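Quick notes on the structure that follows.
Side chains included, hydrogens not; waters and symmetry mates left out as well; all remaining heavy atoms used. Note that the coordinates shown come from a computational prediction; the quantities given were computed from them, not determined experimentally.
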Amino acid sequence: MKTLTENQISDLERGIFNKGRDIDVALFNASNGGEKEFVVDALTLYVNSDGGFGQGLFIDNYNPASTAYTTYYALKIVYMYGLDDDMTNMLLKRAFTFLYHKAYQEKNFWVKAEPSNNNFAHHDDFTYPSNESLALTSGIIGLTLLLQSPTSPYYKLALKKYNLLKPLIDAYNFKENEVVDLAILSIGLKQANILDNNYDERISKSITLNNALEISNYFNVKKEILEEAINLLIDQLLPVGMWENKKKWNNKYPEGDVAEIKWMGAISAENFYYIKKYSC
C-alpha cells in the first residue's frame with residue numbers, strides 16, 4: 001500500500017493551514033496526533049441558537065440556518081473522530097433536540113434540500129425541491145442509535161421512526177454516494193440488537209473505490225479494497241500537495257469558486273485521516 005512521504009505531509013499541512021478553515025485545520029491536527037478538543041471548539045463556531053448546525057459547515061450550502069443535512073454532517077465528524085467530552089455531549093443533546101423537534105421534515109423524513117436553502121448560494125444538490133431520498137433519514141437514525149444511550153428519548157424516537165419507515169427504507173435504492181447512510185443505519189441497528197434486515201448484503205454489493213473509505217467508518221470493508229482505494233487517493237494528489245473536490249457547482253452562484261478553494265482544505269483533511277488510518 002502506498003503512503004505519503006514526509007515532504008508530502010509537510011506540503012499538505014502547509015496547504016491546509018493556508019486554504020483550510022479552522023475546522024479543517026483542527027481535523028488535520030487530530031489525525032496527526034493533535035488534541036481532539038480543538039475539533040470540538042471548531043464545531044461550536046457552526047452551532048445556531050436552536051442547537052442545529054449551519055453557518056456553512058457543509059461547504060456546498062451557504063445557508064446560515066440550521067438544517068438537518070448540515071447537522072448530520074457534524075454528527076458524522078463526532079463519530080468519525082471519536083469525540084467524547086462534556087462539550088461534545090452538550091452539543092449532541094442540543095443537536096438531537098433540533099433534529100427531532102425543530103428540523104424541517106417531509107412525509108416524516110428529513111430532506112437534504114430544504115426550502116430556506118434557496119435564499120442562499122448553494123450547490124444544485126441543495127436546491128429545493130429535489131427528488132425524494134431516504135438516505136439522510138437512514139443515516140440520522142443510525143447515528144442517533146450510535147451516539148445516544150438506550151435511555152435517551154431521541155434513541156427511542158429514532159427506533160420509532162425506523163419502525164415506521166422500515167418498509168420504505170427496505171425498498172429504497174441507495175445510490176453509490178448514499179450507501180454510507182445505509183451502513184450507518186446498519187451499524188446503529190446492530191448496536192440496538194435489531195438484526196432483521198439484509199442491509200449488510202446490500203452494502204457489500206454496493207461498495208466501490210469511490211465510497212469504500214467513508215463506508216469503512218461503519219462497515220467492515222475488505223482489506224484489498226481499502227488498499228486500492230488508498231493507492232488511488234495518493235495517485236490523485238495534486239502537484240500543489242492537496243486534493244480537489246471534483247464535484248463543481250457549475251451554476252449561477254459565483255460563490256462556487258470560493259467553495260472550490262474551501263473544499264481543497266476540507267477534502268485534504270479528510271483524505272489525510274484515511275491515509276493515516278490505513279497506510280501509516
Val25 vs Asp22 side-chain heavy atoms within contact, under 4.5 Å: no

More than 12 heavy atoms from other groups under 6.0 Å of NZ on Lys93: no

Salt-bridge contact Lys2-Glu227 (side-chain N to carboxylate O under 4.0 Å): no

Trp110 (side chain) donor-acceptor with Leu99 (main chain) under 3.5 angstrom: yes

Side-chain donor/acceptor of Glu178 to backbone N/O of Lys175, under 3.5 Å: yes

Validation row: Leu159, Tyr155 side chains within 4.5 angstrom (heavy atoms): yes

Gly54 backbone acceptor or donor facing Thr70 side chain under 3.5 Å: no

Asn108, CG atom: more than 12 neighbouring heavy atoms under 6.0 Å: yes

Any side-chain donor near an acceptor of the partner, Asn271 and Ser268, under 3.5 Å: no

Glu106 versus Tyr128, side-chain donor and acceptor atoms under 3.5 Å: yes

Donor on one side chain, acceptor on other, Asp170 and Tyr199, under 3.5 Å: yes

Leu92 vs Leu75 side-chain heavy atoms within contact, under 4.5 Å: yes

CE (Met87) with more than 12 external heavy atoms under 6.0 Å: no

Heavy-atom donor-acceptor pair, Gln55 side chain to Ala65 backbone, under 3.5 Å: no

Side chain Asp85, main chain Thr88, donor-acceptor under 3.5 Å: yes

Pro115 vs Tyr104 side-chain heavy atoms within contact, under 4.5 Å: yes

Side chain proximity check, Glu270 to Trp243, heavy atoms < 4.5 angstrom: no

Within 6.0 angstrom of Asn163 CG, more than 12 heavy atoms from elsewhere: yes

Backbone N/O of Glu214 and side chain of Asn217: donor-acceptor pair under 3.5 Å: yes

Lys248, NZ atom: more than 12 neighbouring heavy atoms under 6.0 Å: yes

Contact check, side chains of Phe174 and Ile169, non-hydrogen atoms, under 4.5 Å: yes

Glu228 atom CD: more than 12 heavy-atom contacts under 6.0 Å: no

Lys160 atom NZ, over 12 foreign heavy atoms within 6.0 Å: no

Sub-4.5 Å side-chain heavy-atom contact between Ile187 and Tyr79: yes

Lys161 to Phe109, cation-pi by 6.0 Å centre distance and 45° axis angle: no

Polar side chain donor-acceptor pair, Glu260 to Asn245, under 3.5 angstrom: no

Ion pair Lys262/Asp24, N-O distance below 4.0 Å: no

Min side-chain heavy-atom separation Ile184-Lys76 under 4.5 Å: yes

Lys/Arg cation over aromatic Tyr69: Lys112, 6.0 Å, 45° cone: yes

Side chains of Ser206 and Glu176, donor plus acceptor under 3.5 Å: no

Cation-aromatic face contact Lys276/Tyr273, 6.0 Å, 45 degrees: no

Short side-chain donor-acceptor distance under 3.5 Å, Tyr274 and Ser216: no

More than 12 heavy atoms of other groups within 6.0 Å of Lys190 NZ: yes

Donor + acceptor pair across side chains of Asp200, Ser186 (<3.5 Å): yes

Side-chain ion pair, Arg94 and Asp50, N-O less than 4.0 Å: no

Residues Asp84, Lys36: salt bridge by 4.0 Å N-O rule: no

Side-chain donor or acceptor of Gln105 paired with backbone N/O of Val111 under 3.5 Å: no

Polar contact flag, side-chain donor to acceptor under 3.5 angstrom, Thr97-Tyr154: yes

Shortest non-hydrogen separation from Ala158 to Ile141 and the atoms involved: O-CG2, 3.8 Å

Check: Trp263/Asp60 side-chain N/O donor and acceptor closer than 3.5 Å: yes

Expected output: side-chain Asn211 to main-chain Thr208 donor-acceptor under 3.5 Å: yes

Side chains of Asp181 and Ser138, donor plus acceptor under 3.5 Å: no

Backbone of Arg14 reached by a side-chain donor or acceptor of Asn18 within 3.5 Å: yes

Backbone of Asn117 reached by a side-chain donor or acceptor of His122 within 3.5 Å: yes

From Asn63, Thr67, Asn61, residue fulfilling side chain to side chain donor-acceptor pair (under 3.5 Å) relative to Ser116: Asn63

Parallel, tilted or perpendicular, as decided by the 30° and 60° cut-offs, for the rings of Phe126 and Phe58: tilted

